[in-house]
Novice: 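Pasting a structure here, questions to come.
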Amino acid sequence: MHHTDDGMESSKKPNGPNRPLLDPDLLKAIVAVVDCGGFTAAAARLHSTQSTVSQKIRRLEDLVGHRLLDRGGREILPTDAGQALLGHARHLLALNDQILDVMAGAAVAITVRLGVPEDFVASRATQVLAGFSRRHPQVKLEITSGLCSGLVASYDRGELDLILVKQRRHSRAAVACRPETLAWIDSARHPCLRADPVPLVTFPPRGLYREDIIRAIEAMDRSWRIAYTCSSLNGIQHAVAAGLGISLLPLRTVTRDHVVLGAREGLPAVDDYEIGLFHRPTADATVQALARALADMLDEEGHRAVHRGPS
């Protein structure tokens with residue numbers, strides 16, 4: 001026996017046909033506990049008892065040789081080992097459902113889990129996805145939208161098969177990419193660039209464009225203040241339109257309620273971002289087919305970007 005990093009003892013598991021199989025029922029238990037935030041709510045979801053759910057988690061921990069949940073605080077959170085297991089557990093449970101669907105005669109043969117930024121949800125990407133679904137009726141698309149940092153983290157944990165995200169150019173090799181055109185924006189009705197200090201509307205710390213905004217204003221030798229922080233693109237758009245501050249957003253998200261700023265106001269072009277498409281080298285043919293459809297969209301958008309103005 002040897003000790004793992006999290007203090008549990010484990011023996012080296014045999015390879016080959018004698019290697020233990022993970023019971024999907026145990027995986028379902030840990031997913032429910034994490035999603036529900038505790039054993040009581042998880043037991044209710046699973047129509048079980050709290051002690052039974054707890055026993056299943058301990059059996060799973062014994063099987064994998066790691067402590068999977070941190071029960072010490074007010075919240076029950078996954079350990080590092082638990083976080084690593086969760087993405088694969090969700091995938092295995094999804095595969096289990098697919099097998100049952102196929103055996104029941106359902107048309108769904110495969111699920112593709114796609115992550116896209118919030119500003120792509122209402123864009124042409126939605127039309128591309130709808131067209132793909134019509135051409136591949138046997139494919140079930142599970143689409144997640146959110147901040148790019150969260151999508152990348154989910155992808156790295158194995159929870160997404162394909163992601164379309166924004167990043168600084170060449171920071172991570174992509175299957176396909178195109179430059180992202182950004183625009184400085186102010187309110188059309190209540191402009192505030194001349195206010196002192198300059199009010200800024202940004203994503204949260206470590207969010208896209210935040211540091212670029214601050215660096216540009218400081219280079220103008222202007223004082224600034226964060227007037228509004230929001231993790232929602234829609235929230236940023238409305239805050240700028242209402243006159244809460246200036247911001248930096250993709251050009252395609254500019255509306256008639258905004259005015260575009262630039263060199264005339266002393267603001268620099270920010271051109272070191274790109275939109276990248278990522279999937280694993282081992283991705284199956286369906287994932288690669290969807291990736292090609294999205295890559296074609298990126299190519300088309302890239303050709304149109306130089307001609308596009310505010311919407």
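Heavy-atom basis, side chains included; hydrogens, waters and symmetry copies ignored.
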Novice: Cationic tip of Arg113 within the cone over Tyr155's six-membered ring, i.e. under 6.0 Å and within 45° of the normal?
Specialist: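 Negative - Arg113 is either too far from the ring of Tyr155 or too far off its axis.
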
Novice: Heavy-atom count check: over 12 atoms from other residues, nucleotides or ligands less than 6.0 Å from Asp196 CG?
Specialist: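 Count over threshold, so yes.
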
Novice: Hydrophobic clustering (ILVMFWY, side-chain heavy atoms < 4.5 Å, transitive) - are Leu63 and Leu68 grouped together?
Specialist: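 Hydrophobic grouping puts Leu68 with Leu63.
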
Novice: Between Glu61 and Arg71, does at least one N-O distance fall below 4.0 Å, as a salt bridge requires?
Specialist: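 Between Arg71 and Glu61 there is a salt bridge, with a charged N closer than 4.0 Å to a carboxylate O.
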
Novice: Might you confirm whether atom NZ of Lys28 has over 12 heavy atoms from other residues, nucleotides or ligands at distances under 6.0 Å?
Specialist: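 No.
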
Novice: Can you confirm whether Phe203 sits close enough to Leu248 that some side-chain heavy atom of one is under 4.5 Å from a side-chain heavy atom of the other?
Specialist: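 The answer is no; the side chains never approach within 4.5 Å.
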
Novice: Would you check, one step at a time, whether the test salt bridge (charged side-chain N to carboxylate O under 4.0 Å, His left out) holds for Arg194 with Asp186?
Specialist: CA-CA 11 Å; Arg194 294 184 179 180; Asp186 199 348; over 6 Å; no

Novice: What is the ring orientation for Tyr209 with Tyr273, classed by angle as parallel under 30°, tilted 30 to 60°, or perpendicular over 60°?
Specialist: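 Perpendicular: the ring planes of Tyr209 and Tyr273 meet at over 60°.
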
Novice: Less than 4.0 angstrom from a charged side-chain N to a carboxylate O is my criterion; do Asp212 and Arg215 meet it?
Specialist: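 Judged by the 4.0 Å cut-off on N to carboxylate O distance, Asp212 and Arg215 do form a salt bridge.
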
Novice: What's the shortest heavy-atom distance between Thr202 and Ile236, and which atoms?
Specialist: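 Shortest heavy-atom separation between Thr202 and Ile236 comes out as O-CD1, 3.3 Å.
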
Novice: According to a 4.5 Å side-chain heavy-atom criterion applied to Ile, Leu, Val, Met, Phe, Trp and Tyr, with indirect links allowed, do Leu164 and Leu151 form part of one hydrophobic cluster?
Specialist: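 No; tracing contacts between hydrophobic side chains, which count when under 4.5 Å, never links both residues.
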
Novice: Taking the basic N atoms (NZ, or NE/NH1/NH2) and the acidic carboxylate oxygens, is any pair closer than 4.0 Å for Glu180 and Arg252?
Specialist: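 The answer is yes: the pair qualifies as a salt bridge.
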
Novice: Quick check against the 3.5 Å criterion: does His258 have a side-chain atom that pairs as donor or acceptor with the backbone of Thr255?
Specialist: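 At least one qualifying donor-acceptor pair exists.
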
Novice: Kindly give the heavy-atom pair with the smallest separation between His279 and Ala283, and that separation in Å.
Specialist: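 Closest approach of His279 to Ala283: ND1-CB, 3.6 Å.
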
Novice: For side-chain contact (heavy atoms from CB on, under 4.5 Å), just list the numbers for Ile226 and Arg210, CA-CA rounded to whole Å, side-chain angles, deciding distance to a tenth of an Å, and then say yes or no.
Specialist: CA-CA 10 Å; Ile226 301 293; Arg210 183 183 174 106; 4.1 Å; yes

Novice: Is it true that Val116 and Ile163 fall in one hydrophobic cluster, defined by side-chain heavy atoms closer than 4.5 Å?
Specialist: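 Result: no, two separate clusters.
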
Novice: Can you tell me if CG on Asp80 sees more than 12 non-hydrogen neighbours from other groups inside 6.0 Å?
Specialist: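 No, not enclosed.
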
Novice: Any ion pair linking Asp25 and Arg59 (charged N to carboxylate O, less than 4.0 Å)?
Specialist: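 Answer for the salt bridge query: no.
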
